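Data block below; observations after.
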2 protein chains.
Amino acid sequence: MGDVARLAGVSAQTVSRVSNGFAGVTEETRRQVLDAMRELDYRPNSAARALRRGEFRTLGVITFSLSTLGNIRTLDAIATSAAREGYAVTLLPVAVPTQDEVNGAFSRLGELAVDAVIVIMETHLLDAATVSLPPGIPVVVADSDAGDRYTVVDTDQAGGARDAVRHLLDLGHTTVWHLAGPEDSFAAQRRANAWRATLTGAGLVPPPPVRGDWSAESGYRAGLLLAEQPDCTAVFAANDQMALGLLRALHERGRRVPDEVSVVGFDDIPESASFLPPLTTIHQDFAEVGRLCVAGVLAGVRRPTPGPGTTLVPTRLVPRNSTAPPPAH
Amino acid sequence: MGDVARLAGVSAQTVSRVSNGFAGVTEETRRQVLDAMRELDYRPNSAARALRRGEFRTLGVITFSLSTLGNIRTLDAIATSAAREGYAVTLLPVAVPTQDEVNGAFSRLGELAVDAVIVIMETHLLDAATVSLPPGIPVVVADSDAGDRYTVVDTDQAGGARDAVRHLLDLGHTTVWHLAGPEDSFAAQRRANAWRATLTGAGLVPPPPVRGDWSAESGYRAGLLLAEQPDCTAVFAANDQMALGLLRALHERGRRVPDEVSVVGFDDIPESASFLPPLTTIHQDFAEVGRLCVAGVLAGVRRPTPGPGTTLVPTRLVPRNSTAPPPAH
DNA sequence: CCGAGGAATGTTTACGTAAACATCACCCGT
DNA sequence: ACGGGTGATGTTTACGTAAACATTCCTCGG
């Protein structure tokens with residue numbers, strides 16, 4: 001900065017003013033400084049800037065190894081929104097979802113160059129975390145139910161599940177089976193609960209849910225079971241990957257979809273339109289979730305911490321060819 | 001730091017020494033300092049640290065919106081490897097793959113708190129970039145052919161494609177069709193070239209390649225075309241998603257896989273084991289690519305810039321149920 | 001024609017850390 | 001017993017920036 005100032009014939013302070021787009025600088029001076037900057041290929045040192053200003057213009061994102069598609073899409077949206085606001089995004093990957101690892105990530109956080117934090121993580125790990133987040137750092141949590149302690153942004157899992165079940169009931173199915181996600185996933189819990197509640201609300205008795213682990217393989221295994229149930233004409237799968245495995249199992253067992261069995265997925269991954277048959281599913285707006293996370297966290301940076309609370313992003317049913325009225329019998 | 005020093009009854013420098021795990025500190029003193037740190041909830045200020053040390057312990061990753069699965073898995077591996085080395089990872093998302101956007105990302109880079117950069121990007125955009133990378137910052141490029149100008153780490157696309165084609169020829173197929181990726185993708189080009197070279201090397205005349213855009217949908221459209229070719233008994237798809245669409249098209253047209261047509265994919269995405277039928281494909285070791293990217297870039301941080309050059313990570317054929325000898329005729 | 005007021009720019013200082021150098025106490029061999 | 005280490009700790013300083021305050025110079029109203 002000193003070199004630039006010398007070359008432009010001004011003080012370092014004036015260089016700083018130009019560099020930050022400050023008002024009170026003559027057009028003439030500004031031009032000279034900019035020329036000098038270009039000449040010397042000057043780049044402001046962000047460490048010094050951060051030290052002086054007390055902010056990093058960086059957001060930290062804590063997440064498990066970029067595993068599930070939803071987390072990835074959310075992260076993508078977060079990165080894009082943050083960039084638009086002039087913030088960089090630093091990744092804090094947690095390799096294994098154990099308590100130790102999570103605690104480690106949280107404590108590393110304290111000495112990380114980060115103004116705010118977005119956590120994409122299952123509730124149960126957050127609950128048990130012994131290291132609390134550094135006070136004074138705004139936090140928004142996605143994919144969790146910690147609404148009473150943190151600001152939470154999430155997809156309206158319950159609404160989506162309800163729409164899926166209602167869609168199948170509206171087609172005339174007498175009940176809807178559920179291929180659930182893992183028990184330790186809060187999203188899976190909420191989808192399962194909403195499925196159950198919707199059936200109960202319609203005066204029906206929910207059949208026992210079959211549990212998978214989100215993977216297509218687990219969906220296949222579950223599908224082999226469901227194919228044995230003669231009265232199973234409609235299945236709501238908790239995600240598209242499991243629906244894919246389910247389709248394969250049904251196909252292998254000679255149960256035609258959608259003629260004999262209807263299937264609804266959840267997520268609307270791009271491939272689901274190319275499944276056999278194309279999958280009716282619940283679309284999640286990950287971009288909106290990411291956008292709201294960034295907005296929430298930046299609001300926290302700019303003013304005193306907003307209270308806890310949950311914002312839900314609505315879903316949308318995408319009807320394709322895997323659902324139809326039940327067979328005439 | 002001053003407060004901690006006062007509470008522990010030592011100098012600030014000693015606090016610094018403890019904080020950095022320096023050797024020459026008595027066990028007694030260290031304990032006192034650590035106690036004081038805990039008591040005051042002290043966290044080193046990373047901005048001051050970076051300013052003083054001249055390094056940020058942060059890696060920048062430039063990539064397109066986390067779009068393709070390969071890029072995501074590579075990023076994941078990068079983040080994990082970096083964390084192990086004590087480095088954070090900052091994302092520099094480029095929303096639209098236009099020249100302007102790329103240039104923008106590169107120039108923002110200059111003032112970013114980053115010691116080194118990993119670029120995950122298609123060659124052609126890198127070629128046309130008018131803004132060059134800041135000198136002095138080590139760079140490693142993944143998924144590109146810029147081996148003459150940058151250090152490049154990539155999957156051995158050619159070797160994988162060759163294995164796929166040979167696998168089909170070994171099964172007895174008289175030729176292998178190719179469902180290629182988009183023309184502007186270097187990975188797609190290399191896979192297509194290796195496919196062509198392998199056929200030519202075996203004394204065969206390659207049929208015209210059918211081109212898709214990586215998506216399952218484009219694979220489906222291409223599949224409708226290929227299903228019309230009576231002599232088409234073996235297809236090498238440039239990625240698993242397109243193979244998925246291809247399978248669907250073949251199924252719709254009544255061409256049984258693998259009895260009538262064999263299909264090999266590329267990537268080995270987790271879902272491919274659950275396709276109908278489970279897909280024979282080429283496994284890519286993204287974790288290794290990410291690991292090598294980090295290793296390469298950190299080597300650059302520690303010693304003068306290593307020359308350009310390309311490191312290839314081998315692939316592995318995963319045989320499943322989508323390939324078989326050609327029909328008896 | 002003078003002084004108040006304001007715009008443009010310069011000077012000083014502090015942000016929190018760690019390298020470099022300085023100091024001090026103590027141990028050992030002769 | 002004494003001098004030369006050696007290991008532990010303290011003091012000074014600089015990293016690059018921007019806020020706060022100081023200075024200069026010009027304009028404009030009375």
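All values below come from the heavy atoms of this structure, side chains included, with hydrogens, waters and symmetry mates left out. Every chain is numbered from 1 and lettered A, B, ... according to where its sequence line falls, protein lines coming before strand lines. Predicted, not measured: the structure shown is a model, and the values here were computed from it.
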Distances for protein N/O vs nucleotides 22-25 of chain C N/O pairs under 3.5 angstrom?
none

Heavy atoms under 4.0 Å, any strand shown: does Thr29(B) hit a base, just sugar-phosphate, or nothing?
-> sugar-phosphate
Sequence neighbours excluded, the answer for side chain to side chain donor-acceptor pair (under 3.5 Å) partners of Ser19(A) is Arg49(A)
Pairs under 3.5 Å (N/O, protein and nucleotides 13-17 of chain C):
{"unit_1": "dA14(C)", "atom_1": "N3", "unit_2": "Arg52(A)", "atom_2": "NH1", "d": "3.2"}
{"unit_1": "dT17(C)", "atom_1": "OP1", "unit_2": "Tyr42(B)", "atom_2": "OH", "d": "2.8"}
{"unit_1": "dT17(C)", "atom_1": "OP1", "unit_2": "Asn45(B)", "atom_2": "N", "d": "3.0"}
{"unit_1": "dT17(C)", "atom_1": "OP2", "unit_2": "Met1(B)", "atom_2": "N", "d": "3.4"}

OP1 or OP2 of dA8(C) under 4.0 Å from side-chain N/O of Thr14(A) =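 False: Thr14(A) side-chain N/O out of range (4.0 Å or more) of dA8(C) OP1/OP2.
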Distance check needed: [N] [atom2] versus [X] [atom1], whole Å only.
X	N	atom1	atom2	value
Arg17(A)	dT9(C)	CZ	P	8 Å
Arg57(A)	dA18(D)	CZ	P	11 Å
Gln13(B)	dA19(C)	CD	P	7 Å

Could you tell me whether the side chain of Asp154(A) and the main chain of Leu312(A) form a donor-acceptor pair under 3.5 Å?
-> no
Is Ser81(B) reaching over with its side chain to a backbone N or O of Ala77(B), donor-acceptor style, under 3.5 angstrom?
-> yes
Carefully, step by step, assess Phe56(A) and Ser46(A) under the rule side-chain contact (heavy atoms from CB on, under 4.5 Å).
-> CA-CA 8 Å; Phe56(A) 302 95; Ser46(A) 59; over 6 Å; no
Using the side-chain contact (heavy atoms from CB on, under 4.5 Å) rule, pick out the option among Thr26(A), Leu34(A), Val33(A) that qualifies with Arg30(A).
->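 By the side-chain contact (heavy atoms from CB on, under 4.5 Å) criterion, Arg30(A) pairs with just one of Thr26(A), Leu34(A), Val33(A): Leu34(A).
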Yes or no on salt bridge (charged side-chain N to carboxylate O under 4.0 Å, His left out) for Asp76(A) and Arg73(A), after CA distance, side-chain angles and deciding distance?
-> CA-CA 5 Å; Asp76(A) 187 16; Arg73(A) 303 241 307 254; over 6 Å; no
May I have the step-by-step check of side-chain contact (heavy atoms from CB on, under 4.5 Å) for Ile78(B) and Ile118(B), ending in yes or no?
-> CA-CA 9 Å; Ile78(B) 289 172; Ile118(B) 296 171; 3.8 Å; yes
Closest non-hydrogen atom pair between Val89(B) and Ala82(B), with its separation | CG2-CB, 3.6 Å
